[in-house]
Amino acid sequence: MLDVRRLMVLCEVARRGSLSGAAEALSYTASAISQQIAALEREAGVTLLERRSRGVVLTEAGVLLVSHAELVLAQLAAAEAALRDLSELRRGQLRMASFATAGATIVPRAVDEFQLRHPDVDVRVEQATTSQGIARLREGRLDLVLTVDLAPAPDVEIDELFIDPFRLALHREHRLARRAELRLADLGDERWINVPPDAWGGDVLGDAFARLGRNVTVAYESDDYTAIHELVGAGLGVALLPDLALFPANEDVVLRPLGPDAPSRRIQAVTRRDGLRSPAAAAMLDILRSIEPRRRATRPDPAQPEVTAAPRR
């Protein structure tokens, strides 16, 4: 394999017409240039320069090699420029996955902000479960995954974005609807509406009551927070709804905080380890770290009754 640096030296000698001219252009000594050319001739197995009293000229082999070397050096320069563009987010792509409630709330704002800052980067977002998203991240098919309550893993970096608390949703004419704040201990005898046990969030309700040493009665199940909201609005039971899933809407549903012991979930952004994290993923991570406080600042008062639920993740 011919040495690229020596090819660069040969091309410079060809442009300058002398070893001393190439030495001055490259900030080398004339002796160093001569040594580089001699080493290249040994690698190529042919004579590349004919030395004359007034400089040097390329041999036929030298002319041929310079023509190829110029193409190689041009391609390398283009590759270096492309890498700079990639690292400075002037090109490239960001592939990310999200669960549904984040996909309907923070992801649109984050992507909008990202594209304002980096309009030349192509952004792709897909919906995936935590296990699906992490598998694709490990395979190199994704750059960033939004997850919930993921346990530490040795081959990925988990960034804790914020805590997403659950609130109690109940019908506006429920006997407890006028209380500003409730406790789960007050609700053990209620008929509950919950997501299935094998779905994301399906263990939140049961675990919360298990910590109180009590059982819970689940009358209805749905894997869609919108459907759960409608069941609450029909007066068929009460439910726990994550804050991230809430939007202004239904007058028949009121939301009440459950105090400092309210169930919650950790919203996370997962990327590959620092050495493998793409510049685009790092830039999106910075945006995600800042977007949640702004979202909360624009939310309505949690005690207001006109709140509904978004589709579940």
Side-chain angles (χ1 to χ4, degrees), residues 96-114 125-134 144-151 158-170 181-182 184 192-196 199-205 207-208 222-233 238-250 253-270 284-313:
M96 58 184 294
S98 170
F99 56 93
T101 49
T105 52
I106 60 172
V107 169
R109 293 185 60 185
V111 171
D112 182 55
E113 180 67 24
F114 183 92
V125 182
E126 61 185 65
Q127 186 170 314
T129 65
T130 291
S131 58
Q132 291 169 341
I134 296 303
L144 185 148
V145 181
L146 288 174
T147 64
V148 176
D149 294 334
L150 182 67
I158 302 174
D159 200 280
E160 303 288 344
L161 297 179
F162 57 91
I163 299 297
D164 187 31
F166 285 79
R167 301 185 199 179
L168 178 70
L170 63 167
E181 186 172 280
L182 297 167
L184 281 176
W192 286 88
I193 306 163
N194 197 30
V195 294
W200 276 353
D203 55 354
V204 171
L205 179 64
D207 288 350
S222 174
D223 61 359
D224 188 327
Y225 282 133
T226 299
I228 291 175
H229 157 263
E230 293 300 324
L231 291 168
V232 172
V238 299
L240 291 178
L241 296 178
D243 187 47
L244 192 61
L246 305 180
F247 292 98
N250 195 313
V253 178
V254 295
L255 297 168
R256 293 293 179 261
L258 291 168
D261 298 325
S264 63
R265 58 183 186 173
R266 294 173 295 126
I267 307 301
Q268 305 157 315
V270 185
M284 175 56 84
L285 192 55
D286 286 340
I287 292 171
L288 288 167
R289 287 168 179 158
S290 65
I291 202 168
E292 168 58 12
R294 291 193 296 142
R295 182 189 69 84
R296 284 185 180 275
T298 59
R299 293 290 298 274
D301 187 321
Q304 294 299 317
E306 61 279 12
V307 182
T308 188
R312 79 174 299 275
R313 51 179 174 77

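Throughout, residue positions are numbered sequentially from 1 according to the sequence presented. What you see is a predicted model; the values in this text were computed from it and never measured.
No option in Val107, Ile267, Val145 other than Ile267 meets the side-chain contact (heavy atoms from CB on, under 4.5 Å) test with Phe99.
Proximity of Leu240 to Leu258: side-chain heavy atoms (C-beta onward) are separated by under 4.5 Å at one or more points. With a 4.5 Å cut-off on side-chain heavy atoms, Phe162 and Leu244 count as touching. Taking the side chain as every heavy atom from C-beta outward, Tyr225 and Leu241 approach each other to under 4.5 Å. The side-chain heavy atoms of Leu161 and Leu146, taken from C-beta on, include a pair separated by under 4.5 Å. Looking only at side-chain heavy atoms (C-beta outward), His229 and Val253 come within less than 4.5 Å of each other. Counting heavy atoms from C-beta on, the side chains of Glu230 and Asn250 come closer than 4.5 Å.
With rounding to the nearest 0.5 Å, the separation of CG in Asp286 from CZ in Phe114 is 10.5 Å. Once rounded to the nearest 0.5 Å, the distance linking CD1 of Ile228 with CG of Asn194 reads 6.5 Å. Separating the CG atom in Asp159 from the CZ atom in Arg289 is a distance of 4.0 Å, to the nearest 0.5 Å. Between the CD1 atom of Ile158 and the CZ atom of Arg266 there is a distance of 7.5 Å, given to the nearest 0.5 Å.
Among all heavy-atom pairs drawn from Ser264 and Pro165, the shortest one is CB-CA, 3.7 Å. Here the shortest heavy-atom pairing between Ala208 and Pro263 reads CB-CG, 3.9 Å. The two residues Glu181 and Pro257 come nearest to each other via the heavy atoms CG-O, 3.4 Å. Across all their heavy atoms, Ile134 and Val270 have their closest contact at CD1-CG1, 3.7 Å. The two residues Ala97 and Ala128 have their closest heavy-atom pair at CB-CB, 4.0 Å.
Applying the side-chain hydrogen bond (donor to acceptor under 3.5 Å, both in side chains) criterion to Thr147, with sequence neighbours excluded, gives Gln268. The side chain to side chain contact (heavy atoms under 4.5 Å, CB included) check on Pro108 picks up nothing, with sequence neighbours excluded. Legend: residues meeting side chain to side chain contact (heavy atoms under 4.5 Å, CB included) with Ala110, ordered by chain and number and at least two apart, are Met284, Ile287, Leu288, Ile291.
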**Message:** Show, in sequence, the C-alpha distance, side-chain angles and deciding distance for Val232 and Val238, and conclude whether the side-chain contact (heavy atoms from CB on, under 4.5 Å) test is met.
**Reply:** CA-CA 6 Å; Val232 172; Val238 299; 5.8 Å; no
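Within the 3.5 Å criterion, the main-chain N or O of Asp164 finds no donor-acceptor partner in the side chain of Asp243.
A salt bridge does not link Asp112 with Arg109: none of the charged nitrogens is closer than 4.0 Å to a carboxylate oxygen.
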